[in-house]
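Okay, so here's the structure we're looking at.
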Protein chains: 2
Amino acid sequence: MVTIADVAEAANVSISTVSYAMSGKRKISRETQERIARAIAELGYRPHASARALASRSTSIIGLQAPLRPGVDVHVVMEVVTGVATGARGHGYDILLLTSDDSTGLERAASGSMVDALVVMDVESDDQRLGFLGSLDRPCVLVGLPADPGGLACVDFDFEAAGRLAVEHFAEQGHRRVALLGSPQEVLARHTSYADRLTRGFTEAAAEAGVEVSVHPCPSTPDASEVVDDVFAAHPDVTAMLIHNEEALPHLLARLSERGQRVPDEVAVLALCPPNVARTLRIPVDTIDIPAEEIGIAAADVVWEMISEGAPPSIRLIPPTLTARSAAPGA
Amino acid sequence: MVTIADVAEAANVSISTVSYAMSGKRKISRETQERIARAIAELGYRPHASARALASRSTSIIGLQAPLRPGVDVHVVMEVVTGVATGARGHGYDILLLTSDDSTGLERAASGSMVDALVVMDVESDDQRLGFLGSLDRPCVLVGLPADPGGLACVDFDFEAAGRLAVEHFAEQGHRRVALLGSPQEVLARHTSYADRLTRGFTEAAAEAGVEVSVHPCPSTPDASEVVDDVFAAHPDVTAMLIHNEEALPHLLARLSERGQRVPDEVAVLALCPPNVARTLRIPVDTIDIPAEEIGIAAADVVWEMISEGAPPSIRLIPPTLTARSAAPGA
DNA sequence: GTGAAAGCGCTAACAT
DNA sequence: ATGTTAGCGCTTTCAC
């Protein structure tokens with residue numbers, strides 16, 4: 001294995017000069033700089049990550065907890081993960097992936113000094129991990145927004161605003177009764193942060209706009225079709241729906257079509273999903289895009305600011321925007 | 001920060017005794033063992049991962065390259081990743097996630113001694129990374145099977161056998177012309193290992209069984225529907241299809257239904273996908289399951305064998321099995 | 001059954 | 001502008 005000492009010898013300089021030449025923390029003459037660069041290239045030298053981490057007390061690794069819990073949107077998770085990895089790389093960081101959904105992995109990574117910071121996904125409104133995370137000395141960013149962030153940094157799409165936006169959009173179009181077909185029961189049951197916030201924005205905006213609403217969990221299976229029937233059985237006057245369930249989406253649209261309810265003329269539909277997912281639908285539907293990768297990148301950016309500038313924990317919510325995709329305008 | 005020296009002091013033993021007590025590489029008296037355990041618990045000691053790695057020359061981290069390339073099945077990728085992480089954890093390893101699709105991340109991780117081994121996904125038949133991977137001193141496992149593995153370990157589902165199984169199954173049922181509706185063009189164009197192998201097994205078995213076949217790339221969008229029309233335009237006598245494209249699957253089935261071709265009575269369908277995905281279909285379809293998580297676990301197992309026992313690079317292909325899900329049997 | 005001490009390869013004072 | 005050196009926190013020879 002080639003060490004920094006080998007490079008120093010080959011370049012006829014001291015070890016520290018090589019170190020400083022690499023970090024740029026000291027001014028090195030043009031000439032020595034080049035001799036060192038040549039030595040590094042010729043020897044194929046790679047600094048030993050652990051040695052560097054031990055001496056510098058920083059690993060250039062960010063821990064990312066991305067548990068694949070039942071009912072989550074795989075596309076969204078995957079894109080957020082990709083975003084975090086991409087963003088982190090842009091700042092010179094790598095990702096240690098933690099897939100268990102408890103605190104053990106976080107504990108191992110943080111307390112074992114494996115990572116410089118943590119990014120935590122699938123946050124619940126009253127998340128069990130918050131206490132532990134708050135007690136850490138390392139920066140920590142939640143992808144989500146718990147009821148009480150307790151001084152932790154939070155990054156997410158603004159699901160509450162998205163709920164409001166949908167209702168206001170429908171209200172403007174003259175709809176008087178709107179339904180939210182959302183996440184699977186299991187996701188709602190554990191009070192996943194995004195689901196809670198979407199529901200809140202949706203119902204609050206409805207109260208303000210004088211629009212009648214109902215909220216319906218949707219399984220991510222063909223059984224979702226039945227929810228459509230349930231909606232109209234309970235509220236025959238529903239004329240618009242906000243759908244937030246990537247996997248159920250095609251089944252819901254198919255069921256509407258089977259019932260002879262044309263989208264968007266008879267039933268206005270707004271899908272809350274990543275643009276990629278919207279493009280895989282047979283029927284073009286207006287959407288509120290979930291910018292999943294952007295969320296991940298933003299999380300990495302916040303981590304970076306906290307690490308490099310000691311920035312205080314901030315809360316960053318990406319505002320929703322509506323994208324028209326359907327042919328005809330709603331009723 | 002609590003160090004091993006603190007523990008040693010608290011337990012009234014030497015540093016090395018603490019180290020040996022933790023690793024179990026030396027016999028420690030019952031009494032000292034307990035004193036040390038108590039000190040560790042009381043102080044909340046966590047060994048410093050980098051210090052340990054530097055001294056032991058092993059990080060207990062496995063690098064996992066999981067690029068999210070266009071056209072790949074997100075569910076499958078995610079499940080394999082979960083499997084690798086789960087399997088690795090079972091052996092005391094964590095995962096460093098690399099999402100770029102070139103060799104730079106692999107290089108950084110391996111040459112920088114960040115990882116003890118590598119697992120590489122999305123392997124192509126003539127993969128560019130093979131040369132570099134073969135030159136490494138660390139164990140490396142491919143998830144996939146290139147044309148020439150060149151001494152590297154390979155783990156995957158046996159897509160070739162799956163192609164054969166499908167054809168033989170259809171032939172047994174009396175079908176004389178079968179179509180393979182597969183991965184998107186982009187996946188085939190880069191000769192992704194699994195797509196190549198599936199096609200080979202499919203066409204070879206067909207030649208042997210005297211069954212006529214055709215192979216059709218499928219976009220992962222609603223446009224996939226057109227492929228169904230193309231298939232029957234080119235070969236009106238097609239009575240069975242093997243579908244290997246998770247995202248296209250619903251659109252293909254829907255198009256068949258629109259054309260009035262009943263599944264499985266008029267057109268026998270075999271879907272090649274994870275069981276989870278099959279369960280999200282509106283029409284139950286017979287499947288050949290892709291045991292995605294199992295593949296990941298197997299990859300982690302092979303890595304473990306190579307690391308711990310110095311096992312030679314092996315090739316492990318998980319055989320396909322057919323699962324009946326549709327109501328009626330085929331023609 | 002236990003200690004002492006020499007590294008592991010690097011960073012960052014403290015030198016000049 | 002460059003060199004010397006004391007650690008970083010652990011593992012693992014030696015030594016008893």
Side-chain angles (χ1 to χ4, degrees), chain A residues 1-37 39-40 43-61 92 108-116 137-138, chain B residues 1-37 39-40 43-61 92 108-116 137-138:
Chain A
M1 162 171 233
V2 184
T3 74
I4 196 173
D6 298 327
V7 176
E9 187 177 359
N12 256 305
V13 291
S14 74
I15 285 182
S16 62
T17 301
V18 176
S19 177
Y20 283 118
M22 301 196 76
S23 68
K25 291 187 179 177
R26 198 190 241 187
K27 199 155 172 42
I28 305 289
S29 76
R30 187 107 194 79
E31 190 187 15
T32 5
Q33 186 70 265
E34 275 167 8
R35 244 181 313 135
I36 291 174
I40 289 178
L43 297 175
Y45 167 68
R46 295 283 158 194
H48 189 288
S50 298
R52 176 175 276 182
L54 179 57
S56 69
R57 323 184 127 274
S58 123
T59 59
S60 292
I61 294 179
R108 187 161 23 89
S111 306
S113 302
M114 303 180 80
V115 301
D116 293 347
D137 49 340
R138 299 177 207 311
Chain B
M1 166 174 227
V2 184
T3 72
I4 196 172
D6 298 326
V7 175
E9 189 177 358
N12 256 305
V13 291
S14 73
I15 286 181
S16 61
T17 301
V18 176
S19 177
Y20 283 118
M22 301 197 78
S23 68
K25 292 186 180 176
R26 201 189 238 184
K27 198 153 173 44
I28 306 288
S29 75
R30 185 107 192 83
E31 189 188 12
T32 353
Q33 186 72 264
E34 275 167 9
R35 243 181 314 132
I36 291 174
I40 288 178
L43 297 174
Y45 167 68
R46 295 282 159 195
H48 190 289
S50 299
R52 174 173 277 184
L54 179 58
S56 69
R57 322 182 130 271
S58 122
T59 59
S60 291
I61 294 179
R108 187 161 23 87
S111 306
S113 303
M114 304 180 78
V115 300
D116 292 348
D137 49 341
R138 297 174 208 315

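Just so we're on the same page: letters track the sequence lines, and every chain starts at 1. Fair warning: this is a prediction, and the values are worked out from it, not measured in the lab.
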Checklist outcome for this item: Rounded to whole Å, CE of Met22(A) lies from C1' of dA12(C) at a distance of 16 Å

Item to check | Selected nucleotide, minimal atom distance to His48(B) side chain, candidates dG3(C), dG9(D), dG3(D) | outcome: dG9(D)

Item to check | Distance, rounded to the nearest Å, where Glu9(A) contributes CD and dG3(D) contributes C1' | outcome: 15 Å

Checklist entry - To the side chain of Ala55(B), which of dC8(D), dG3(D), dC10(D) is closest? => result dC10(D)

Next on the checklist: Nearest whole Å is fine: how far is dT11(C) C1' from Arg26(A) CZ?
Outcome noted: 11 Å

Checklist entry - Met1(B) CE to dG9(D) P: how many Å, rounded? => result 6 Å

Item to check | Among dG7(C), dG1(C), dG3(C), the nucleotide that comes nearest once only the side chain of Thr32(B) is considered | outcome: dG1(C)

Checklist entry - Has the side chain of Tyr20(B) got a donor or acceptor atom sitting under 3.5 Å from an opposite partner on the base of dA4(C)? => result no

Next on the checklist: Do Ile61(B) and Met114(A) have side chains that approach each other closer than 4.5 Å (heavy atoms only, starting at C-beta)?
Outcome noted: yes

Checklist entry - Looking across every strand, which nucleic acid part, if any, lies under 4.0 Å from Asn12(A) by heavy atom: base, sugar-phosphate, or nothing? => result sugar-phosphate

Tabulate below the donor-acceptor pairs under 3.5 Å that side-chain atoms of residues 49-58 of chain B make, not counting sequence neighbours, or state none.
{"residue": "Ser56(B)", "atom": "OG", "partner": "Arg52(B)", "partner atom": "O", "Å": "2.6"}
{"residue": "Ser56(B)", "atom": "OG", "partner": "Ser58(B)", "partner atom": "N", "Å": "3.4"}
{"residue": "Ser56(B)", "atom": "OG", "partner": "Ser58(B)", "partner atom": "O", "Å": "3.3"}
{"residue": "Ser58(B)", "atom": "OG", "partner": "Asp116(B)", "partner atom": "OD2", "Å": "3.4"}

Next on the checklist: Taking atom types as they are modelled, would you say the side chain of Ser16(A) forms a donor-acceptor pair with the base of dT4(D) within the 3.5 Å cutoff?
Outcome noted: yes

Item to check | Distance in angstrom units between Leu54(A) CG and dG9(C) C1', rounded | outcome: 9 Å

Next on the checklist: On the nucleotide dA4(C), are OP1 or OP2 found under 4.0 Å from the side-chain N or O atoms that Ser14(B) carries?
Outcome noted: no

Next on the checklist: When you measure from the side chain of Ser111(A) to the backbone of Arg46(B), do you find a donor-acceptor pair of N or O atoms at a distance under 3.5 Å?
Outcome noted: no

Next on the checklist: If the cut-off is 4.0 Å, is Ser29(B) near the phosphate of dT2(C), judged by side-chain N/O to OP1 or OP2?
Outcome noted: yes

Next on the checklist: Regarding Thr17(A) and Arg26(A), do their side chains bring together a donor and an acceptor under 3.5 Å, going by distance alone?
Outcome noted: no

Checklist entry - For the pair made of CD1 in Ile15(A) and P in dA13(C), what is the distance, rounded to whole Å? => result 17 Å

Next on the checklist: Go nucleotide by nucleotide along DNA chain C from the 5' end; which of Ser56(B) and Ile28(B) gets its closest nucleotide reached first?
Outcome noted: Ile28(B)

Checklist entry - Between Ile36(A) (CD1) and dC10(C) (P), how many Å, whole number? => result 14 Å

Item to check | Rounded distance in Å - CD (Gln33(A)) to P (dA1(D)) | outcome: 12 Å

Next on the checklist: Does dT12(D) have OP1 or OP2 under 4.0 Å away from a side-chain N or O of Lys25(B)?
Outcome noted: yes

Next on the checklist: Tell me whether the side-chain N/O atoms of Ser19(B) come closer than 4.0 Å to OP1 or OP2 in dC10(D).
Outcome noted: no

Item to check | Donor/acceptor link under 3.5 angstrom from Arg57(A) side chain onto base of dT11(C) | outcome: no

Checklist entry - Below 4.0 angstrom from OP1 or OP2 of dT11(D), is there any side-chain N or O of Arg52(B)? => result yes

Item to check | Short side-chain donor-acceptor distance under 3.5 Å, Ser29(A) and Thr32(A) | outcome: yes

Checklist outcome for this item: Residues Tyr45(A) and Thr3(A): closest non-hydrogen pair is CE1-C, 3.5 Å

Next on the checklist: With a cut-off of less than 4.0 Å, is there a side-chain N or O of Ser50(A) near OP1 or OP2 of dC8(C)?
Outcome noted: no

